[in-house]
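Heads up, the thing below is written out as structure tokens.
These numbers come from a predicted model, not from an experiment.
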Amino acid sequence: QVRLVESGGGLVQSGRSLRLSCAASGNIFSIYSMNWYRQTPGKQREPVAVTTSGGDTNYADSVKGRFTISRDNAKNTVFLQMDNLEPEDTAVYYCNAVLDTYSYSSTGELTLKKDEYWGQGTQVTVSS
């Protein structure tokens, strides 16, 4: 069973910073990517920042230059440093991971399964 646990959300004033964290735990064999999405009421969930195990990163145009995603591969953790926050950044932020889980058969054979997982979401509210 895989869990993604987010922390670091809250209420801040425009121009201030927040740092989100997301730790993955469970029977994880390897992680392909760990990412951040966000969603506001009535809108679809959208990607904010994406990172791969190879270190490549991509950002939504609206957050480029203000947000920075980073990973601690040894701890299966991803961070989102959000600087110069704007009221338009108000949303529920979700951690996302694509990874392999492992299991063993009754004969001891290792089996890997690739799947996508989501955290429970953390609210970020930016006041003007």
Side-chain angles (χ1 to χ4, degrees):
Q1 194 77 356
V2 173
R3 291 185 65 204
L4 301 182
V5 179
E6 299 130 335
S7 61
L11 170 64
V12 294
Q13 289 184 324
S14 180
R16 302 298 291 270
S17 299
L18 278 177
R19 188 183 194 223
L20 305 183
S21 301
C22 172
S25 62
N27 54 327
I28 298 170
F29 184 83
S30 63
I31 298 178
Y32 296 98
S33 66
M34 293 190 79
N35 318 298
W36 289 98
Y37 285 68
R38 68 186 181 187
Q39 189 171 23
T40 55
K43 292 188 176 181
Q44 284 192 332
R45 195 171 296 184
E46 62 176 8
V48 175
V50 175
T51 186
T52 68
S53 59
D56 295 329
T57 58
N58 288 289
Y59 298 92
D61 288 342
S62 60
V63 307
K64 283 181 181 177
R66 300 187 298 118
F67 290 12
T68 304
I69 188 171
S70 60
R71 281 175 60 175
D72 183 339
N73 291 329
K75 296 182 178 180
N76 292 339
T77 300
V78 64
F79 306 95
L80 185 66
Q81 178 66 40
M82 305 184 294
D83 298 321
N84 193 20
L85 282 160
E86 303 170 351
E88 292 73 23
D89 297 316
T90 296
V92 177
Y93 284 71
Y94 294 91
C95 176
N96 166 274
V98 178
L99 52 86
D100 276 337
T101 56
Y102 68 91
S103 62
Y104 291 95
S105 69
S106 57
T107 59
E109 181 179 4
L110 175 66
T111 300
L112 302 180
K113 183 176 185 293
K114 184 177 181 180
D115 215 333
E116 182 178 33
Y117 296 86
W118 292 90
Q120 80 283 359
T122 185
Q123 176 71 45
V124 172
T125 303
V126 184
S127 63
S128 57

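The two residues Leu18 and Gly9 come nearest to each other via the heavy atoms CD1-C, 4.5 Å. For Asn84 against Arg66, the heavy-atom pair with the smallest separation is O-NH1, 3.0 Å. Scanning both residues, Thr40 and Ala91, for their nearest heavy atoms gives CG2-CB, 3.6 Å. Taking every heavy atom of both residues into account, Pro87 and Ser14 meet most closely at CD-OG, 3.8 Å. Across all their heavy atoms, Val78 and Arg71 have their closest contact at CG2-CG, 3.8 Å. Heavy atoms only, all atoms of each residue included: Met34 and Ala97 are closest at CG-CB, 4.1 Å.
The other residues sharing a hydrophobic cluster with Tyr102 are Phe29, Tyr104, Leu110, Leu112, where clustering joins ILVMFWY side chains under 4.5 Å apart.
Looking at Asp89, Thr90, Thr122 one by one, the single match for side chain to side chain donor-acceptor pair (under 3.5 Å) with Arg38 turns out to be Asp89.
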Inset, instruction - Determine, step by step, whether Phe79 and Thr68 satisfy the side chain to side chain contact (heavy atoms under 4.5 Å, CB included) criterion, reporting the C-alpha distance in whole Å, the side-chain angles of both residues, the deciding distance to 0.1 Å, and the verdict. - result: CA-CA 8 Å; Phe79 306 95; Thr68 304; over 6 Å; no

Inset, instruction - Starting from the C-alpha separation in whole Å, work towards a yes-or-no answer on side chain to side chain contact (heavy atoms under 4.5 Å, CB included) for Leu20 and Met82. - result: CA-CA 8 Å; Leu20 305 183; Met82 305 184 294; 3.7 Å; yes

Legend entry - Derivation and outcome, side chain to side chain contact (heavy atoms under 4.5 Å, CB included), residues Arg45 and Trp118: CA-CA 12 Å; Arg45 195 171 296 184; Trp118 292 90; 3.2 Å; yes

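No single ILVMFWY cluster, assembled from side-chain heavy atoms under 4.5 Å apart, contains both Val50 and Val63. Hydrophobic clustering places Val12 together with Val48 (ILVMFWY residues linked when any side-chain heavy atoms are closer than 4.5 Å, directly or through intermediates). Taken together through direct or relayed side-chain contacts under 4.5 Å among Ile, Leu, Val, Met, Phe, Trp and Tyr, Val124 and Val5 form parts of separate hydrophobic clusters. Hydrophobic clustering of Ile, Leu, Val, Met, Phe, Trp and Tyr side chains at less than 4.5 Å, counting indirect connections, unites Ile28 with Leu4.
Remark: the backbone N or O of Leu99 is not paired with any side-chain donor or acceptor of Asp115 at under 3.5 angstrom. In this structure a side-chain-to-backbone donor-acceptor pair under 3.5 Å is missing from Glu116 to Asn96.
Legend: disulfide (SG to SG under 2.5 Å) pairs involving residues 63-128, not counting sequence neighbours, sorted by first then second residue: Cys22-Cys95. Residue pairs meeting the ring-ring contact (aromatic ring centres under 6.0 Å, His included) criterion with at least one member in residues 56-75: none, sequence neighbours excluded.
With rounding to the nearest 0.5 Å, the separation of CG in Asp100 from CG in Asn27 is 10.5 Å. How far CD of Gln81 is from CD1 of Ile69: 12.0 Å, rounded to the nearest 0.5 Å. The CD1 atom of Ile31 sits 3.5 Å away from the CG atom of Asn76 when rounded to the nearest 0.5 Å. Distance check: Glu86 CD to Ser128 OG gives 12.0 Å after rounding to the nearest 0.5 Å.
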